[in-house]
Amino acid sequence: MPIDETMITRSIVKRAYRDFLDHIDVDVVIVGCGPSALVVARYLAQAGMSTVIFERKLAPGGGMWGGGMNFPVIVVQEESKDLMEEVGIPLEDAGDGYFTADSVQSTAHMIAAACDAGAMIYNAVTVEDVLIRDGEVAGVVINWAAVDHLGMHVDPIMIRSKYVIDATGHDAEICCIVQRKAGALTTPTGKVEGERSMTAEVGERMTVENTMEVFPRLYVTGMACNAVMGAPRMGPIFGGMLMSGCKAAEMIIARER
Ligand code: 48F
């Protein structure tokens, strides 16, 4: 068939505008697209909630691609094995309740599963602020990551949502913004407490325990939970990240019932 270049352009622009218009007012915005975001997005989309992820980098997947020090292998523990297997990730039994997976294969499967469930992922988009209405988080303010990167003076645009999830990892960026601009979080000091040094066992447990609503309609998942609550990091064991995403989805779905 003869190829018309303008048909390529027209097809991209038509579909991109249609999809973007569908994601301006949604149930859930997830900021950051690491492993915890991919789990929570999949469950929320499966539950019928309109769910959009904004990820600053070109590649969604956060810190999962790199395995441990770029050896492309991650570890999960027995309790989170199902969350890997249900999206078709092959696991190897490493003994004593530990399992390994290829980090690239795992990330690819998790991204595909979130998209297949109906979650929309926008890559190369930075969330730079939130909307606050009546003391609650009510959406986010976004811009192209390239605009942010180049320091161009271009005003952002706004997305409305019933819930925002901070899945930005170690920096807990959205919680930092909310604490600075909107008031106290439900942390001991009302502020982001800051992540503590590596203790894998405690870090894994606390990530799940710290998965919560930290400001009205702002939830936190994954590594950001420990950054916000002052708990340790845990390195390339990923069960806590996955279980945290699962818990955040359960909390929001239960609230919607
Ligand atoms: O850090 P990250 O992978 O999130 P996570 O789900 O997983 C943590 C693990 O990867 C690892 C670990 C495992 O034990 O400790 O670190 O908590 O992914 C966070 C994503 O958020 C993006 C960032 O580029 C990364 O891909 N991000 C951060 N801030 C913003 C953002 C922002 N303001 N707007 C958009 N994306």
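Each ligand, and each atom within it, is numbered from 1 in the order the structure gives.
- Using cut-offs of 30° and 60° for the angle between ring planes, the Phe20 and Tyr122 rings count as perpendicular.
- With respect to atom 7 (O) of ligand 1, the closest heavy atom belonging to the protein is Met241 SD, 3.3 Å.
- In the vicinity of His170, heavy-atom distances shorter than 4.0 Å reach the ligand 1 atoms 15 (O), 16 (O).
- Atom CG of Asp4 sits in a crowded spot, with more than 12 heavy atoms from other residues, nucleotides or ligands closer than 6.0 Å.
- At a 3.5 angstrom cut-off on N or O pairs, Ile237 counts as close to ligand 1.
- Interface of Gly62 with ligand 1, defined as ligand atoms under 4.0 Å from a residue heavy atom, comprises 3 (O), 18 (O), 26 (O).
- Ligand-side atoms of ligand 1 in range of Lys57: 24 (O), range being under 4.0 angstrom from any heavy atom.
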Yes or no on side chain to side chain donor-acceptor pair (under 3.5 Å) for Ser50 and Asp27, after CA distance, side-chain angles and deciding distance? CA-CA 5 Å; Ser50 54; Asp27 291 323; 3.3 Å; yes
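- Closest of all the heavy-atom pairs between Ala41 and Ala114 is CB-CB, 4.5 Å.
- In terms of protein heavy-atom proximity, atom 28 (C) of ligand 1 is closest to Thr168 CB, 3.5 Å.
- Below 4.0 Å from some heavy atom of Thr126 lie the following atoms of ligand 1, by number and element: 34 (N).
- The single protein non-hydrogen atom nearest to atom 13 (C) of ligand 1 is Gly235 O, 3.3 Å, given as residue, atom name and distance.
- By the 4.5 Å heavy-atom criterion applied to side chains, Arg42 and Met110 are not counted as neighbours.
- In terms of protein heavy-atom proximity, atom 21 (O) of ligand 1 is closest to Gly32 CA, 3.1 Å.
- Close approach of ligand 1 to Phe238 is summarised as follows: ligand atoms under 4.0 Å from at least one heavy atom of the residue are 9 (C), 10 (O), 13 (C).
- Here is the list of ligand 1 atoms found below 4.0 Å of a heavy atom in Phe54: 35 (C), 36 (N).
- If you number the atoms of ligand 1 from 1 as listed, the ones under 4.0 Å from a heavy atom of Val125 come out as 35 (C).
- With respect to atom 3 (O) of ligand 1, the closest heavy atom belonging to the protein is Gly63 N, 2.7 Å.
- Using a 4.5 Å heavy-atom cutoff, the side chains of Phe99 and Val75 are not in contact.
- Using a 4.5 Å heavy-atom cutoff, the side chains of Pro60 and Ile53 are not in contact.
- Under the 4.5 Å side-chain criterion, counting only non-hydrogen atoms from C-beta, Glu213 is in contact with Arg255.
- Contact atoms of ligand 1 toward Cys33: 20 (C), 21 (O) (distance under 4.0 Å to a heavy atom of the residue).
- Distances shorter than 4.0 angstrom occur between a heavy atom of Met234 and an atom of ligand 1.
- The protein non-hydrogen atom at the shortest distance from atom 24 (O) of ligand 1 is Glu55 OE2, 2.7 Å.
- Side-chain contact between Gln77 and Glu201: absent, with no pair of heavy atoms (C-beta onward) separated by less than 4.5 Å.
- Considering backbone and side-chain N/O of Glu173, one or more are found under 3.5 Å from N/O of ligand 1.
- Put simply, the side chain of Asp171 does not reach to within 4.5 Å of the side chain of Cys176, judged on heavy atoms.
- What sits closest to atom 34 (N) of ligand 1 on the protein, heavy atoms only, is Val127 N, 3.0 Å.
- Looking only at heavy atoms of the protein, atom 35 (C) of ligand 1 is closest to Arg56 N, 3.3 Å.
- Of the residues listed (His170, Met206, Arg233), the one engaging Asn226 in a side chain to side chain contact (heavy atoms under 4.5 Å, CB included) is Met206, and it is the only one.
- The side-chain heavy atoms of Ile174 and Thr168, taken from C-beta on, include a pair separated by under 4.5 Å.
- In this structure, of Ser36, Gly222, Ala167, the residue bringing a heavy atom nearest to atom 6 (O) of ligand 1 is Ser36.
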